[in-house]
2 protein chains.
Amino acid sequence: MRKQTSTNWLNEERLKATCGMAYTLNLIGDRWKGSILWALMEDERLRFSQLRDLLTGISERMLAKQLDELEEDQLINRIVHPEVPPRVEYELTELGHSMKSMLEKMSDWGEMHREKIENN
Amino acid sequence: MRKQTSTNWLNEERLKATCGMAYTLNLIGDRWKGSILWALMEDERLRFSQLRDLLTGISERMLAKQLDELEEDQLINRIVHPEVPPRVEYELTELGHSMKSMLEKMSDWGEMHREKIENN
DNA sequence: GCCAATACTTACAAAATTGTAAGCTTCTAT
DNA sequence: ATAGAAGCTTACAATTTTGTAAGTATTGGC
């Protein structure tokens, strides 16, 4: 829970409201979100446990939280199969898919920059 | 200073090393970095005080820190004019400029997504 | 000598994020 | 009846980021 009177919160809100890039970063800038989206672009549908195993090092707590937020932002769908033990799958929404070329660009730029910096 | 033995730090390093997108997000994902870069794309060269005034709400402490890191990552140049009182200007490096189309894409996507969500 | 101007630093506090470990639910197979 | 499976949730602690306010250096003008 964030404190909606903090300078920190106000600054973030102002930025999101005035800058499309800041807005985007807010949606995908968290530690694991990029990787989750990336995984779902490659695999179409993944279960909670599959994502957990793909994202080396993530805790269940983090994964659940990030998935929650991505769903709230309408970037992914959560598909619950009413079985026991439960089976839940995640997939990109149309909006989620619309990020694809952007994320690819970010990925390409990152690889390029890394090389340049490492061979400085 | 970060603790180089924390799980947090290890997770971040692993991600940066294996995922170009995470690497990129690490460079530009901080609260104000996108806006700083954006400002420098529009204005070519800006002084410390100009940036401070453009970025409503930023503190000098934050601005100095973000500029430091951007310089270290070779995305901006710091130009010191040996005068008193001091005059310091910042501009994008070539590498910094190479982000332009990526940042535009992020900005465009953000504006688009915001509209969709607000008219849901 | 004293103040103002600019671009920072610094120390400390507050807030936010992330990690760790345990627990919950619901049915099914043993 | 007991254990186990999957997908979470919770409480609490550690870590990390951000904010606040004050201070520093240098020199020219009053």
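Throughout, protein chains are lettered first and strands after them, A, B, ... in sequence-line order, and every chain is numbered starting at 1.
Here the P atom of nucleotide C:dG23 and the CD atom of A:Glu60 are 15 Å apart, to the nearest Å. One can place CZ of A:Arg52 at 11 Å from P of D:dA5, the figure rounded to the nearest angstrom. Atom CE of B:Met1 is separated from atom P of D:dT18 by 16 Å (rounded to the nearest Å). As a whole-Å value, the separation of A:Ile58 CD1 from C:dT17 C1' is 13 Å. The CG-C1' distance, from B:Asp53 to C:dT6, rounds to 12 Å in whole Å. Spacing between atom CE of A:Met62 and atom P of D:dT16 amounts to 13 Å, rounded to whole angstrom units. Atom P of nucleotide C:dG19 and atom CD of B:Glu13 are separated by 13 Å, given to the nearest angstrom.
Crowding of A:Glu83 atom CD: a count of heavy atoms from other residues, nucleotides or ligands under 6.0 Å exceeding 12.
For the OP1/OP2 pair of C:dT18 and a distance below 4.0 Å, the side-chain nitrogens and oxygens of B:Arg2 include no atom meeting the criterion. Contact check, A:Thr7 against D:dT20: a side-chain N or O comes under 4.0 Å of OP1 or OP2. The phosphate of D:dC8 (OP1 or OP2) has a side-chain N or O of A:Arg78 nearer than 4.0 angstrom. Note on A:Arg47: a side-chain N or O is less than 4.0 Å away from OP1 or OP2 of D:dG7. Dashed line: the shortest gap from a side-chain N or O of B:Asn11 to OP1 or OP2 of C:dT18 is not under 4.0 Å.
Residues A:Ser59 and A:Ser6 each lie close to DNA chain C; by heavy-atom proximity, the contact nearer the 5' end of the strand is made by A:Ser6. In terms of position on DNA chain D, the residue among A:Pro86 and B:Lys65 whose nearest nucleotide sits closer to the 5' end is A:Pro86. Looking at which nucleotide of DNA chain D each of A:Arg87 and A:Arg61 is closest to, the 5′-most match is held by A:Arg87. Closest-nucleotide positions on DNA chain C for A:Pro85 and B:Asn8 were compared, and the one nearer the 5' end corresponds to B:Asn8.
The backbone N or O of A:Glu71 lies less than 3.5 Å from no partner atom in the side chain of A:Arg78, so there is not a single donor-acceptor pair. Formation of a donor-acceptor pair under 3.5 Å by the B:Arg31 side chain with backbone atoms of B:Ile58 is not found in this model.
With D:dT16, C:dC8, C:dA7 as the choices, the nucleotide that has an atom nearest any side-chain atom of B:Ala64 turns out to be C:dC8. Out of D:dT18, D:dG7, C:dT18, the shortest distance to the side chain of A:Phe48 is found at D:dG7. Relative to the side chain of A:Ser49, the nucleotides D:dT15, C:dC8, D:dG7 differ in distance, and D:dG7 lies closest. Which of D:dT18, D:dG7, D:dT27 sits closest to the side chain of B:Val84 comes down to D:dT27.
Closest of all the heavy-atom pairs between B:Lys33 and B:Glu69 is NZ-OE1, 2.6 Å.
Within 4.0 Å of A:Arg31, counting heavy atoms only, lie sugar-phosphate atoms of the nucleic acid but no base atom.
Between A:Phe48 and A:Leu67 the shortest side-chain heavy-atom distance falls below 4.5 Å.
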